[in-house]
> 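Below are the structure tokens for one structure; questions will follow.
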Amino acid sequence: MLPTALLASLLALTGTAPQTSPATSSASNIAPAAPSVEAPQTPSLRFEPAQLDLGEMVAGQKKTGKLTVFNAGDKPVKILRIVPACGCTTISAAPAEAVAPGAHFDIDITIDPGAKTGIPLSKKITFQVEGAAAQPFTITGFVKTFVAVKPEVLEVSDASEAAPTRVTLESKEGVPFLVTGVKPDGVATLPAGTAGSGLHQEFLIDWKAWRAAGSPPKLTIVTNHANAEQLILMVKSTPATALFRLQEAQRADASTQRQVEEAQDQVILAIDSALEKQGGTGGLSMKIHRETGTLFVHGSDAQIAVVKQVVDASGAGR
């Protein structure tokens with residue numbers, strides 16, 4: 001028998017590698033088995049009803065429905081928590097102990113629909129179960145309109161200059177009502193005609209008073225209607241945009257172009273000066289296209305009126 005060292009040398013010369021017995025294999029040469037990952041179990045909860053419909057809802061009034069939750073599996077189920085999708089949903093507590101197979105528990109779900117009317121409502125809650133995937137549940141309803149408000153959104157480009165805006169309210173079910181106030185106080189003028197209840201009510205928004213109240217983005221209409229005690233009226237305030245034409249410089253030679261641009265700058269400086277005297281340039285933006293002489297102005301109605309006066313006085317506008 002050849003010595004072990006000589007045998008190894010001969011195998012190396014012939015290019016044949018010695019075979020290692022599995023019994024003498026090094027443990028470091030064996031790749032460790034990948035750890036098994038256990039997939040989340042399918043939730044075993046069953047709901048009655050399968051979807052909770054709260055039906056007709058009144059704006060600003062919470063409504064509660066009851067849900068029964070069953071453990072439809074063959075093992076106990078531990079409810080870790082029940083998570084609402086938004087702050088408008090509150091849920092009574094789940095049982096602290098695991099729910100046995102076939103057992104059930106009840107929870108109360110309360111929804112605050114908010115102030116907007118005439119809209120379908122859909123909210124979700126999620127059951128987080130120990131050792132299983134989360135299981136969602138849906139609550140639906142419809143926020144009914146008892147008193148319609150027109151316009152639904154008030155738009156004003158400049159509150160300090162705009163004429164008062166008329167707001168009309170109409171009972172949708174023939175129930176007389178009365179507008180008793182609008183908040184913030186002072187932003188609306190309630191005409192003498194609203195002294196008595198009726199199917200139609202109206203009032204005027206005083207935009208100067210609204211601005212003095214801090215330009216709130218929503219107004220609250222207060223009525224004596226049992227199902228429409230408070231109505232929210234949104235206010236969208238947008239600055240106005242206007243175009244003015246100054247001298248154009250696109251077809252002038254170099255010397256004339258410089259003169260035209262200097263004349264354009266003089267008009268813009270005069271606008272700045274006039275605006276500072278009238279209350280400032282806050283919220284105003286101006287951009288000029290030199291070649292065509294087009295002046296783009298983005299600001300309030302009052303600011304645009306000042307720009308127009310300056311441009312007309314300069315003789316540049318046409």
Side-chain angles (χ1 to χ4, degrees), residues 57-63 86-90 110-119 121 143-173 175-241 275-276 278-285 298-306:
M57 304 183 72
V58 177
Q61 295 184 18
K62 297 178 181 180
K63 192 169 184 179
C86 67
C88 65
T89 306
T90 55
T110 302
I111 301 291
D112 183 348
K116 192 170 181 59
T117 64
I119 59 170
L121 179 146
V143 188
K144 186 175 180 178
T145 300
F146 293 92
V147 174
V149 181
K150 292 186 178 182
E152 295 182 354
V153 178
L154 296 173
E155 295 192 18
V156 59
S157 60
D158 182 71
S160 63
E161 297 294 324
T165 299
R166 186 177 304 277
V167 177
T168 303
L169 295 87
E170 179 183 359
S171 174
K172 302 303 290 184
E173 296 189 319
V175 177
F177 70 99
L178 176 67
V179 175
T180 59
V182 179
K183 298 178 181 180
D185 295 335
V187 299
T189 302
L190 302 179
T194 61
S197 297
L199 301 181
H200 300 269
Q201 299 287 331
E202 61 181 32
F203 57 84
L204 297 175
I205 298 296
D206 184 334
W207 291 114
K208 291 183 179 180
W210 175 79
R211 189 179 183 89
S215 304
K218 65 180 181 181
L219 307 177
T220 302
I221 305 169
V222 183
T223 84
N224 66 352
H225 194 295
N227 292 322
E229 295 179 352
Q230 290 191 349
L231 302 168
I232 300 300
L233 182 57
M234 303 304 297
V235 181
K236 182 180 179 182
S237 180
T238 57
T241 302
L275 287 170
E276 288 295 340
Q278 294 291 330
T281 58
L284 177 80
S285 64
H298 189 72
S300 68
D301 290 342
Q303 291 171 328
I304 288 177
V306 172

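These numbers were taken from a predicted model, which means no experiment stands behind them.
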> If you define the side chain from C-beta out and look only at heavy atoms, does anything of Pro151 sit under 4.5 Å from Thr168?
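Answer no - side chains too far apart.
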> If we only count heavy atoms from C-beta on, is the Val222 to Lys183 side-chain gap below 4.5 Å?
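Result yes, sub-4.5 Å side-chain heavy-atom pair found.
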> Where do Phe146 and Val175 land on the side-chain contact (heavy atoms from CB on, under 4.5 Å) test, with the steps shown first?
CA-CA 9 Å; Phe146 293 92; Val175 177; over 6 Å; no
> Applying side-chain contact (heavy atoms from CB on, under 4.5 Å) to Leu121 and Met57, what does each step give before you reach the verdict?
CA-CA 9 Å; Leu121 179 146; Met57 304 183 72; 4.2 Å; yes
> To check you understand the geometry: which heavy-atom pair defines the closest contact between Ile232 and Ala115, and what is its length?
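Residues Ile232 and Ala115, closest heavy atoms: CG1-CB, 3.0 Å.
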> After noting the C-alpha distance and the side-chain angles of Leu233 and Val167, does the key distance pass the side-chain contact (heavy atoms from CB on, under 4.5 Å) rule?
CA-CA 10 Å; Leu233 182 57; Val167 177; 3.9 Å; yes
> Would the distance check show the side chain of Gln230 and the main-chain N or O of Gly60 forming a donor-acceptor pair, the cut-off being under 3.5 Å?
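A pair under 3.5 Å: no.
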> What heavy-atom pair brings Lys172 and Ala148 nearest, and what distance separates the two atoms?
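In this case the closest contact between Lys172 and Ala148 is CD-CB, 3.8 Å.
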> So, using side chain to side chain donor-acceptor pair (under 3.5 Å) as the criterion, who are the partners of Thr223 when residues are at least two apart?
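Expected list: none.
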> With sequence neighbours excluded, what pairs up with Glu173 under the side chain to side chain donor-acceptor pair (under 3.5 Å) test?
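By the side chain to side chain donor-acceptor pair (under 3.5 Å) rule, Glu173 matches Lys144.
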> Between the side chain of Thr117 and the main-chain N/O of Val143, is any donor-acceptor distance below 3.5 Å?
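No, Thr117 side chain to Val143 backbone: no donor-acceptor pair under 3.5 Å.
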> Drop me the distance from Phe177's CZ to His200's NE2, to the nearest 0.5 angstrom.
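It comes to 8.5 Å.
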> Give, for atom NE2 of His298 and atom CD1 of Ile304, the distance between the pair rounded to the nearest 0.5 Å.
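It is 8.5 Å, given to the nearest 0.5 Å.
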> Could you tell me which non-hydrogen atom of Gly118 sits nearest to which non-hydrogen atom of Thr145, and how far apart they are?
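Looking at all heavy atoms of both residues, the shortest contact is N-OG1, 3.0 Å.
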> Let me see the working for Leu154 and Trp207 under side-chain contact (heavy atoms from CB on, under 4.5 Å), right down to the final yes or no.
CA-CA 11 Å; Leu154 296 173; Trp207 291 114; 3.9 Å; yes
> So, the side chain of Trp210 versus the backbone of Pro216: is there a donor-acceptor pair under 3.5 Å, distance only?
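Checking the backbone N and O of Pro216 against the side chain of Trp210, a donor-acceptor pair under 3.5 Å is found.
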> Quick one: pull up CZ in Arg211 and CG in Asp206 and give me the separation to the nearest 0.5 Å.
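Rounded to the nearest 0.5 Å, the CZ-CG separation comes out at 13.0 Å.
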> Under 4.5 Å between any side-chain heavy atoms of Leu204 and Thr165, yes or no?
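Not touching, per the 4.5 Å side-chain cut-off.
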> Is it the case that atom NZ in Lys63 sees more than 12 heavy atoms from other parts of the structure closer than 6.0 Å?
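Correct, the count exceeds 12.
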> Under the side chain to side chain contact (heavy atoms under 4.5 Å, CB included) test, which residues partner Thr89, sequence neighbours left out?
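Residues passing side chain to side chain contact (heavy atoms under 4.5 Å, CB included) with Thr89: Pro84, Cys86, Ile91, Ile109, Ile111, Lys123, Ile125.
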> Could you check whether atom CD of Glu152 has more than 12 heavy atoms from other residues, nucleotides or ligands sitting under 6.0 Å from it?
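12 or below, so no.
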> Restricting to non-hydrogen atoms, name the atom on Ile205 and the atom on Ala188 that form the minimum distance, rounded to 0.1 Å.
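Of all heavy-atom pairs spanning Ile205 and Ala188, the closest is CD1-CB, 4.2 Å.
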> Mark yes or no for whether Asn224, through its side chain, and Leu178, through its backbone, hold a donor-acceptor pair below 3.5 Å.
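A pair under 3.5 Å: yes.
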> Just how far is it from atom NZ of Lys236 to atom CD of Glu155, taken to the nearest 0.5 Å?
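These two atoms lie 5.0 Å from each other.
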> Nearest 0.5 Å, what's the CG-CG distance between Leu169 and Leu231?
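One finds 6.5 Å between CG of Leu169 and CG of Leu231.
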